[in-house]
Amino acid sequence: MATFDIVISGGTVATASDTFVCDIGIRDGVVVALGLDLAQDAKQVLDATGKYVLPGGIDSHVHISQPSGDGIVMADDFESGTRSALFGGNTTIMPFCLQERGKSIRQSLIEYHALANGTCYTDVSFHLIICEPTPEVLGQDLPALFNDGYTSFKVFMTYENLRLTDPELLQTFDVARDLGATVMVHCENEDAIKFLIGKHEAANDLRPGAHARTRPVAVEREATHRAMAFAEVVGTPIVIVHVSNGQAIDEIAAARRRGVAVTAETCPQYLVLTAEDLEGMDWEGAKFVCSPPPRGTEDQAACWRGLQDGTFELFSSDHCPFVYDSVEGKLNPKGAKQFKHIPNGIPGVETRLPILFSEGVMKGRIDINRFVALTATNHAKTYGLYPRKGTIAVGSDADIVIWDPKVTAPIRHANLHDGADYSPYEGLEITGWPVTVVLRGKVMVQDRALQGTKGDGTYLGR
Ligand code: DUC
Ligand code: ZN
Ligand code: ZN
């Protein structure tokens, strides 16, 4: 009888700390051996000679099937979102269950689980979004939910229907500290944005490009500073998500020097898109509307430095897809006339890893170990999935991706698997694509062809 269900042989294995050539023996969905010449003892051999063998990507910032209001519908459900994630080299994604007004978070969770159940191609684990931190939510719901494994939640300082006031932020941070929960903070100053939107409306500047001009760097820098000051006052660690620019990075570095426990995240849109992209002809700029908006080339460079010097531990997609040419998407009746009604968010769960691999590893900006840390290991550590997820080690889930660093092909939405009708990265030349993806010992994608079935992904309690 064979010792291993699968052996991945001859590849260059990289973790967040080491790079080595070896075989990986997998049994019952788990890595059981790292060694040499294991292949003769396997039921199935995946030859990875000349290729990288990496832990499956973990995208800890993904919006899927999130209620968006006003007739707007997200382009991805769990089936299309996780299929797209899988083809992009991910084996776990972490979407958000939104607290809906007038509904208990428990009820929202039951409904969100029902959407995910039996439809996923990757493993999933949910964060919560808290937008109404009432005494009951803070005193009873969050502690009970924490005990049930919902240990992280996102709060917003912008969006009229989501934002928390300063007292609410402080109270929510306080509860997170007592529980040991992880709070992710979206940092933009809503009042300043509203003020600038009013100015642009008065000047009849309503095109998509105005989205970036009404959310300038100062708006994000101030909110980043304030969130970290509150974390310092309360004495709780926080995660600053989707950091877009050098001034916010400087704030994070200064807070760290004061001893504030801050984890920081950036995303592909801040490396390869700019505010110029929002100025496209015929309302095409709507395809790039997300918050914070992409900035300029100097801020791109600052984000690269942050990835290199350790300011950023997390590189996520903030995948938040809407169909462009749809009344339920970017070109909804109001959004087609005025930037402030264009739904915020862009697709990117499938292109996150290829962009960082190609622009980062292949262009010599970061090494392969940093790539693994930024895209898998640090996500597992930050959100309580490590060492089951996020590394290749004996005893860890066999979530493994084989990368071919020799394949060069541009991003074409026609070749992606999400539910949107475009990619903001269309035409970007990529060297290095994931070719084979193994989820808990099951070959889900082999040589870029789907082998797995929906429902192979499972929910991960934490
Ligand atoms: N901004 C968010 O805060 N979330 C989803 C997408 C976006 O653009
Ligand atoms: Zn956000
Ligand atoms: Zn987000």
Side-chain angles (χ1 to χ4, degrees), residues 60-70 74 94-117 124-191 223-224 226-242 261-263 265 291 318 320 344-345 382-385 459-462:
S60 62
H61 190 154
V62 171
H63 302 267
I64 282 178
S65 283
Q66 195 176 300
S68 306
D70 242 0
M74 275 192 179
M94 301 186 70
F96 296 87
C97 176
L98 173 72
Q99 177 189 19
E100 294 166 88
R101 288 176 194 275
K103 204 185 263 185
S104 74
I105 307 177
R106 281 273 177 211
Q107 184 57 32
S108 295
L109 270 167
I110 289 168
E111 293 169 17
Y112 205 51
H113 273 288
L115 294 176
N117 207 0
V124 297
S125 192
F126 300 162
H127 310 288
L128 307 172
I129 290 175
I130 302 301
C131 57
E132 269 190 316
T134 61
E136 190 188 336
V137 166
L138 294 178
Q140 292 161 37
D141 295 350
L142 283 184
L145 290 165
F146 182 86
N147 283 335
D148 289 346
Y150 303 98
T151 57
S152 49
F153 41 87
K154 184 176 179 186
V155 295
F156 287 79
M157 299 170 80
T158 184
Y159 300 133
E160 192 50 52
N161 53 345
L162 293 176
R163 69 180 288 199
L164 302 193
T165 62
D166 287 355
E168 287 174 334
L169 284 170
L170 286 158
Q171 286 155 7
T172 307
F173 286 6
D174 198 32
V175 170
R177 185 206 46 205
D178 290 348
L179 293 173
T182 309
V183 200
M184 310 159 76
V185 193
H186 179 132
C187 300
E188 289 183 291
N189 181 316
E190 176 69 10
D191 294 323
T224 304
R226 184 160 33 107
M228 292 186 300
F230 289 175
E232 189 177 345
V233 166
V234 171
T236 195
I238 57 171
V239 180
I240 307 281
V241 292
H242 46 50
V262 192
T263 302
E265 172 199 83
S291 296
D318 198 9
C320 186
N344 281 210
T382 302
Y383 297 111
L385 293 169
Y459 186 80
L460 304 169
R462 289 178 286 136

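Reckoned from all heavy atoms, side chains included, excluding hydrogens, waters and symmetry mates.
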Carefully, step by step, assess L109 and L128 under the rule side-chain contact (heavy atoms from CB on, under 4.5 Å).
CA-CA 9 Å; L109 270 167; L128 307 172; 4.0 Å; yes
Between H127 and S60 (side chain of the first, backbone of the second, donor and acceptor by atom type, cut-off under 3.5 Å), is there such a pair?
yes
Does a side-chain heavy-atom distance below 4.5 Å link Q66 with P95?
no
What's the spacing between C320 SG and H61 NE2 if we round to 0.5 Å?
8.0 Å
Report the distance from atom CD of Q107 to atom SG of C97, rounding to the nearest 0.5 Å.
10.0 Å
Show your working on side-chain contact (heavy atoms from CB on, under 4.5 Å) between M94 and S125 and close with a plain yes or no.
CA-CA 5 Å; M94 301 186 70; S125 192; 4.2 Å; yes
Work out which heavy atom in P133 is nearest to a heavy atom in L138; give both atom names and the distance.
O-CD1, 3.5 Å
Which heavy-atom pair separates A181 from F153 by the least distance, and what is that distance?
CB-CE2, 3.8 Å
Sequence neighbours excluded, the answer for ring-ring contact (aromatic ring centres under 6.0 Å, His included) partners of Y112 is F78, F126
For the pair T158 (side chain) and F156 (backbone), establish whether a donor and an acceptor sit closer than 3.5 Å, ignoring hydrogens and angles.
no
Can a donor-acceptor pair be found, under 3.5 Å and without considering hydrogens, that links the side chain of E190 to the backbone of Y159?
yes
In Å, rounded to the nearest 0.5 Å, how long is the span from OG of S104 to CD1 of I110?
7.0 Å
Distance col, row L115:CG vs S65:OG, nearest 0.5 angstrom, shows 5.0 Å
Salt bridge (Lys or Arg N to Asp or Glu O under 4.0 Å) partners for R462, two or more places apart:
none
Quick one: side-chain hydrogen bond (donor to acceptor under 3.5 Å, both in side chains) pairs with a partner in residues 178-188, sequence neighbours left out?
H186-E188, H186-H242, E188-R215
Rounded at 0.5 Å granularity, tell me how far CD1 in I130 sits from CG in L98.
9.0 Å
If the condition is salt bridge (Lys or Arg N to Asp or Glu O under 4.0 Å), which residues does E232 pass it with, not counting sequence neighbours?
R258
Give me each pair satisfying salt bridge (Lys or Arg N to Asp or Glu O under 4.0 Å) with a member in residues 97-111, each pair once, sequence neighbours excluded.
E100-K103, R101-E132, K103-E111, R106-D148
Could you go through residues 167-177 and list every donor-acceptor pair under 3.5 Å that involves a side-chain atom there, pairing it with any protein atom two or more places apart or in another chain?
unit_1, atom_1, unit_2, atom_2, d
E168, OE1, T165, N, 2.9
E168, OE1, T165, OG1, 3.4
T172, OG1, E168, O, 2.7
D174, OD1, R177, NH2, 2.6
R177, NH1, V234, O, 2.8

Identify the two heavy atoms, one from L164 and one from C131, that lie closest to each other, and give their separation to 0.1 Å.
CD2-O, 3.7 Å
Tell me if a side-chain donor or acceptor on Q99 pairs with a main-chain N or O of I105 at a distance below 3.5 Å.
no
Straight-line distance of N189 CG to M157 CE, nearest 0.5 Å
7.0 Å
Worked verdict on E265 versus T382 for side-chain contact (heavy atoms from CB on, under 4.5 Å)
CA-CA 11 Å; E265 172 199 83; T382 302; over 6 Å; no
